[in-house]
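Single-structure report; data block below.
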Amino acid sequence: QVRLVESGGGLVQAGGSLRLSCAASGRTFDSSAMAWFRQAPGKEREFVAAITWSGGSTYYADSVKGRFVISRDNGKNTVYLLMNSLEPEDTAVYYCAQDRIPFRASALRGRVSDFGSWGQGTQVTVSS
């Protein structure tokens, strides 16, 4: 059973930075791709960033490329999302997710259906 717990959200001014963390339980963390998604009010959940099990490859949505950085520490069973140059459009609930199939690089495509375990989410609010 995988449990994911996000933290690090909050209120920040436009142009500021936040770092989200997602702590995972279970034995499959270091063999699974991980991803961050977000969902704004009235909108569908959208892909933000993903990282392979080793951390060797990453992939980003165009809207965050160059501003956000995903990373992981397999020794701590934790994945991070560093968010820089935040914009009001980044306001959303941010979720981390673990791929349902181990060692699957195609999870970097960021399809919601590829991910079987989800955290409860952490709110990020960017004021203008």
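Not measured: the values here are computed from a predicted model.
- Hydrophobic cluster membership for Phe103: Trp53 (Ile, Leu, Val, Met, Phe, Trp, Tyr linked by side-chain heavy atoms under 4.5 Å, directly or transitively).
- Atom OH of Tyr95 is separated from atom CG of Leu20 by 13.0 Å, given to the nearest 0.5 angstrom.
- Nearest heavy-atom pair, Ala24 versus Leu4, reported as atom, atom and distance to 0.1 Å: CB-CD2, 3.4 Å.
- Hydrophobic clustering (side-chain heavy atoms under 4.5 Å, transitive across Ile, Leu, Val, Met, Phe, Trp, Tyr) keeps Trp36 apart from Val93.
- Listed by chain and residue number, Val5, Glu6 satisfy the side-chain contact (heavy atoms from CB on, under 4.5 Å) test with Gln120 (two or more places apart in sequence, or in another chain).
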For residues 54-63, run the donor-acceptor check on the side chains, cut-off 3.5 Å, and write out each pair with its distance to 0.1 Å, sequence neighbours left out.
{"unit_1": "Ser54", "atom_1": "OG", "unit_2": "Gly56", "atom_2": "N", "d": "3.2"}
{"unit_1": "Tyr60", "atom_1": "OH", "unit_2": "Ile70", "atom_2": "N", "d": "2.9"}
{"unit_1": "Asp62", "atom_1": "OD1", "unit_2": "Lys65", "atom_2": "NZ", "d": "3.1"}

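- Identified under the side chain to side chain donor-acceptor pair (under 3.5 Å) test for residues 75-85, with sequence neighbours left out: Ser17-Asn84.
- Looking at Thr28 and Val2, their side chains come closer than 4.5 Å, going by heavy atoms from C-beta outward.
- In this view, Phe115 and Phe37 satisfy the ring-ring contact (aromatic ring centres under 6.0 Å, His included) rule, not counting sequence neighbours.
- Judged as a side-chain contact (heavy atoms from CB on, under 4.5 Å), and not counting sequence neighbours, the contacts of Val12 are Leu18, Leu86, Val126.
- For the residue pair Ser32 and Gln98, a side-chain donor N or O sits within less than 3.5 Å of a side-chain acceptor on the partner.
- A search for side-chain contact (heavy atoms from CB on, under 4.5 Å) contacts involving Ser25 returns Arg3, not counting sequence neighbours.
- The two residues Ala107 and Ala33 come nearest to each other via the heavy atoms CB-CB, 3.8 Å.
- Checked for salt-bridge contact, Asp90 and Arg67 meet the test: a charged N lies under 4.0 Å from a carboxylate O.
- The two atoms that bring Phe47 and Gly110 nearest to each other are CD1-CA, 3.4 Å, heavy atoms only.
- Under the disulfide bond (SG atoms under 2.5 Å apart) criterion, the residue pairs touching residues 8-44 are Cys22-Cys96, with sequence neighbours excluded.
- Applying the disulfide bond (SG atoms under 2.5 Å apart) test to pairs two or more places apart or on separate chains, none has a residue in residues 31-89.
- Scanning for side-chain contact (heavy atoms from CB on, under 4.5 Å) contacts around Ser106 gives Arg104, Arg109, with sequence neighbours left out.
- Contacts of Glu89 classified as salt bridge (Lys or Arg N to Asp or Glu O under 4.0 Å), with partners at least two apart in sequence or in another chain: none.
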Passes side-chain contact (heavy atoms from CB on, under 4.5 Å), Arg38 versus Glu46? Steps please. CA-CA 5 Å; Arg38 67 187 181 186; Glu46 66 172 356; 2.6 Å; yes
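- Arg111 CZ to Asp114 CG: the interatomic distance, rounded to the nearest 0.5 Å, is 4.5 Å.
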side-chain contact (heavy atoms from CB on, under 4.5 Å) between Tyr94 and Gln123: does it pass, once the steps are laid out? CA-CA 6 Å; Tyr94 283 71; Gln123 176 70 47; over 6 Å; no
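- Residues Leu108 and Phe68 do not share a hydrophobic cluster, defined by chaining ILVMFWY side chains whose heavy atoms lie under 4.5 Å apart.
- Here the straight-line distance linking atom OG of Ser31 with atom CD1 of Ile101 works out to 11.5 Å at 0.5 Å rounding.
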Hey, mind stepping through Val79 and Ile51 against side-chain contact (heavy atoms from CB on, under 4.5 Å) and telling me if it holds? CA-CA 9 Å; Val79 62; Ile51 188 167; 4.2 Å; yes
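- Within the hydrophobic cluster formed by Ile, Leu, Val, Met, Phe, Trp and Tyr side chains joined at under 4.5 Å, directly or through other members, Leu11 stands alone, with no partner residue.
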Thr91 vs Val124, side-chain contact (heavy atoms from CB on, under 4.5 Å): CA-CA, chis, key distance, verdict: CA-CA 5 Å; Thr91 295; Val124 172; 5.9 Å; no
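- Rounding to the nearest 0.5 Å gives a distance of 7.5 Å between CG of Leu82 and CZ of Arg19.
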